[in-house]
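Chain letters run A, B, ... following the sequence lines, proteins first and then strands; every chain starts at 1.
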Amino acid sequence: MTNTQIAELLRQVAASYSIQDERKYYFQIVAYQKAADSIEKSTSQISDLTKEGKLNELSGIGASIKGHLEELAKTGRVKHFDEILSKVPKSVFPLLKVPSLGPKKAYKLVTAFNLKDPNTVIEDLASIAKDGKIATLENFGEKSQSDILRAIGEYGKGAGKTTRMLISFADELAEKLITYLKKSPDIKQAFPLGSLRRKLPTVGDIDIAVATASPQKAIDYFANYPYKDRIIEKGIASASILTTGGHQVDLMTQPVKGFGSLLQHFTGSKHHNVHLREIALKMGLSLSEKGIKDKKTEKVKMYETEEEFYSALKMQWIPPEMREDTGEIELAQKKMLPKLIELQDMKADFHIHSDYPLDPSHDLGHNTMEEMLKKAKELGYSYLGFSEHNPSISNHTKGQIYAILKKRKEKIEHLKESTKNIRIVNLLEVDILTNGELAIDDKCFEYLDGVIVSIHSVLKMDKDQMTKRVLNGLSHPKAKILAHPTGRLFNERPGYELDFDKVFSFCRENNKALEVNSWPERTDLPYDLIRQAVDNGIKLVIDTDSHATTHMDLMKYGIWNARRGWAKKSDVLNTLEYNEFIHWLNK
DNA sequence: GCCGTTTTCGGCCCGACTGTTTTCAGTCG
């Protein structure tokens, strides 16, 4: 079973407990939900962790759930789960995916109308709603009926939070909304928060915080956004809309005096906030978006900045990218948070495809080397690495490939002499073939300073074979960087599997670096592997993999992802001076 | 069911909004 499937199973157990007796099982429900969240977020496969006996390493998994998961791995089922799940009809569970339906409503609907088939329950409910039968049910009315019908329709279309946006897309969408909001005289400040501020690679909805003295006017103005499809909800302090593009936007307001608390609250993550509130409780305090309440006096103190808010809890301000409750709070209490890498720290980009005509195995860039260099200078870099794909091996003889690379080297040498204000590294992106050999032979390395290696074909290989293939490719002394190490592409493919324990130890022992590819579709390494790499002392390079000058602006996405992986300046080779990098390349 | 710089027992985050109700349950983040 995949992590997603296991997480869903645990959520079904939680839902079943809710339906049976929410009060009695409250803490079990919360525990199962926490465990599900934890499993869903983990990129280690639960099946692997179970085999290795490492399930305890995931927060929220204790002795009991660990035992259940081991039983699941061994026998394919869990007696305890089966017993709990058998208390409610199976057709309840698909309905939980429909927005606005939770365990209680789903159960009422399923039992009231005797909906038994989990495969058709959503359509069946829609036709019952169309017949006007839901409105007659106790605690349901006309409005609930039409809401359910619409929710099913939107769910079917993937509107709202059911499909996640790439952060690059969400970033632009939020920018448009912020521009609109700032035109209102009643809105003093407006910031995108939530997972967008925490820089997750994909974002479910857009969260915006607004500082205002007249919340009602600000909310009315927001609800009149010209590109809205409908208002989802609208109250005195917050509102939600669905845009014409089918994306959900949530807005929350606070007065300027309390804006810091709102920023903190609405940035999340949920787990980070829950943990902070548990700490606050022990200090006799209670946290909310309004501020910090003293439990004795019931007085709420407001905070204009996040720094003051965190300081009141006796901890350092925590960078949003770290707020996932994975150890950052404990470090902030000890005032030992790492200083994360920043865009300004970058002195180079190593993964650049120019239009130099070497008849490559994959796509060529669109701009000349000179144009790429000019752009690099504009970005404030002091050097740049060219790394076009290797010449295609099916279209050329070995001799032809030598000649192409020799000529390219001459071009680069000429550029090095004629270009005074920026330095150049002569790299190449080389395919690792199916058998683990590189797509160029040893003689080619005379014409190169070093190479980036990567996988571009035959992605379906089992984990052990793929790991051998990659490590074999990396074992050449001049192969220094592994590009887009997992090969994942959002909304396209999950990537191939690698044994990262082996990859990390190989890189550490042989002085190799792993790439953080900045393309929003890739963000590869994924951030949790970045964090493991950093913990293992592996050096990273953050690259744009540019095929045009405009792509060189994508660096910020790589930086964001690296920050989510807790990478510091010292972990990233792009922050080295030219001479230091060349020294590393030749080590 | 999980967890530990008050604890291996006794705690466990907080508030907004909606619809269906006459004071609240359900859902969401």
Report yes if a side-chain nitrogen or oxygen of [X] is closer than 4.0 Å to either non-bridging phosphate oxygen (OP1 or OP2) of [N]; otherwise report no.
{"X": "A:Lys105", "N": "B:dG26", "result": "no"}
{"X": "A:Ser144", "N": "B:dT20", "result": "yes"}
{"X": "A:Ser64", "N": "B:dG1", "result": "yes"}

Any residue meeting side-chain hydrogen bond (donor to acceptor under 3.5 Å, both in side chains) with [X], in chain and number order, not counting sequence neighbours:
{"X": "A:Arg493", "value": "none"}
{"X": "A:Lys108", "value": "none"}
{"X": "A:Asp48", "value": "A:Lys463"}

Rounded off to whole Å, could you give me the [atom1]-to-[atom2] distance for the [X] and [N] pair?
{"X": "A:Lys143", "N": "B:dT27", "atom1": "NZ", "atom2": "P", "value": "16 Å"}
{"X": "A:Leu313", "N": "B:dC13", "atom1": "CG", "atom2": "P", "value": "15 Å"}
{"X": "A:Leu101", "N": "B:dG26", "atom1": "CG", "atom2": "P", "value": "13 Å"}
{"X": "A:Lys104", "N": "B:dT20", "atom1": "NZ", "atom2": "C1'", "value": "16 Å"}
{"X": "A:Asp207", "N": "B:dC28", "atom1": "CG", "atom2": "C1'", "value": "12 Å"}
{"X": "A:Ile148", "N": "B:dT18", "atom1": "CD1", "atom2": "P", "value": "17 Å"}
{"X": "A:Asp294", "N": "B:dC14", "atom1": "CG", "atom2": "P", "value": "13 Å"}
{"X": "A:His271", "N": "B:dC12", "atom1": "NE2", "atom2": "C1'", "value": "15 Å"}

Nearest heavy atom decides the nucleotide; on that basis, is A:Leu285 or A:Ala106 closer to the 5' end of DNA chain B? A:Leu285

5'-most by nearest nucleotide on DNA chain B - A:Glu278 or A:Phe266: A:Glu278

Could you give the distance separating [M] and [N] at their [atom1] atoms, to the nearest angstrom?
{"N": "B:dT22", "M": "B:dC17", "atom1": "P", "result": "23 Å"}
{"N": "B:dG11", "M": "B:dA16", "atom1": "P", "result": "27 Å"}
{"N": "B:dT7", "M": "B:dG1", "atom1": "P", "result": "25 Å"}
{"N": "B:dG15", "M": "B:dG10", "atom1": "P", "result": "27 Å"}
{"N": "B:dT8", "M": "B:dC3", "atom1": "C1'", "result": "9 Å"}
{"N": "B:dC14", "M": "B:dT20", "atom1": "P", "result": "30 Å"}
{"N": "B:dC24", "M": "B:dC13", "atom1": "P", "result": "23 Å"}

With a 4.0 Å cut-off on heavy atoms, is [X] in touch with a base, just the backbone sugar-phosphate, or nothing at all?
{"X": "A:Gln248", "result": "nothing"}
{"X": "A:Glu289", "result": "sugar-phosphate"}
{"X": "A:Leu281", "result": "sugar-phosphate"}
{"X": "A:Asn273", "result": "nothing"}

A:Asn561/A:Thr523 under side-chain hydrogen bond (donor to acceptor under 3.5 Å, both in side chains): CA gap, chis, key distance, verdict: CA-CA 7 Å; A:Asn561 204 37; A:Thr523 46; 4.5 Å; no

Centroid-centroid distance, A:Tyr227 to A:Tyr180, less than 6.0 Å: no

Salt bridge (Lys or Arg N to Asp or Glu O under 4.0 Å) partners of [X], counting only residues at least two apart:
{"X": "A:Glu175", "value": "none"}
{"X": "A:Asp124", "value": "none"}
{"X": "A:Glu40", "value": "A:Arg11"}
{"X": "A:Lys143", "value": "A:Asp147"}

Partners meeting side-chain contact (heavy atoms from CB on, under 4.5 Å) with A:Lys257 (sequence neighbours left out): A:Met302

So which of [range] are in contact with DNA chain B, with a heavy-atom cut-off of under 4.0 Å?
{"range": "residues 222-238 of chain A", "value": "A:Glu233, A:Lys234, A:Gly235, A:Ile236, A:Ala237, A:Ser238"}
{"range": "residues 72-100 of chain A", "value": "A:His80, A:Pro99, A:Ser100"}
{"range": "residues 16-36 of chain A", "value": "A:Phe27, A:Gln28, A:Ala31, A:Tyr32"}

Tell me, yes or no, whether the heavy-atom count around A:Gln5 atom CD, taken from other residues, nucleotides or ligands under 6.0 Å, exceeds 12. yes

Checking B:dC13, B:dT27, B:dC14 against the side chain of A:Pro103 (C-beta onward), the nearest is B:dT27

Would you call the rings of A:Tyr303 and A:Phe309 parallel, tilted or perpendicular, where under 30° means parallel and over 60° means perpendicular? perpendicular

Got a salt bridge between A:Glu71 and A:Arg77, using NZ or NE/NH1/NH2 to carboxylate O under 4.0 Å? no

Are any of the side-chain nitrogens in A:Glu8 or A:Lys97 under 4.0 Å away from the carboxylate oxygens of its partner? yes

Trace of the side-chain hydrogen bond (donor to acceptor under 3.5 Å, both in side chains) decision for A:Tyr310 with A:Gln316: CA-CA 6 Å; A:Tyr310 279 100; A:Gln316 278 178 293; over 6 Å; no

Any-strand Watson-Crick or G-U partner of B:dT8, both distances under 3.5 Å: none

What do the steps show when you test A:Glu308 against A:Thr305 for side-chain hydrogen bond (donor to acceptor under 3.5 Å, both in side chains), and what is the final call? CA-CA 6 Å; A:Glu308 294 168 292; A:Thr305 69; 2.8 Å; yes

Kindly give the atom pairs (protein nitrogen or oxygen, nucleotide nitrogen or oxygen) under 3.5 Å for nucleotides 3-5 of chain B.
from	atom 1	to	atom 2	distance (Å)
B:dC3	OP1	A:Gly60	N	2.8

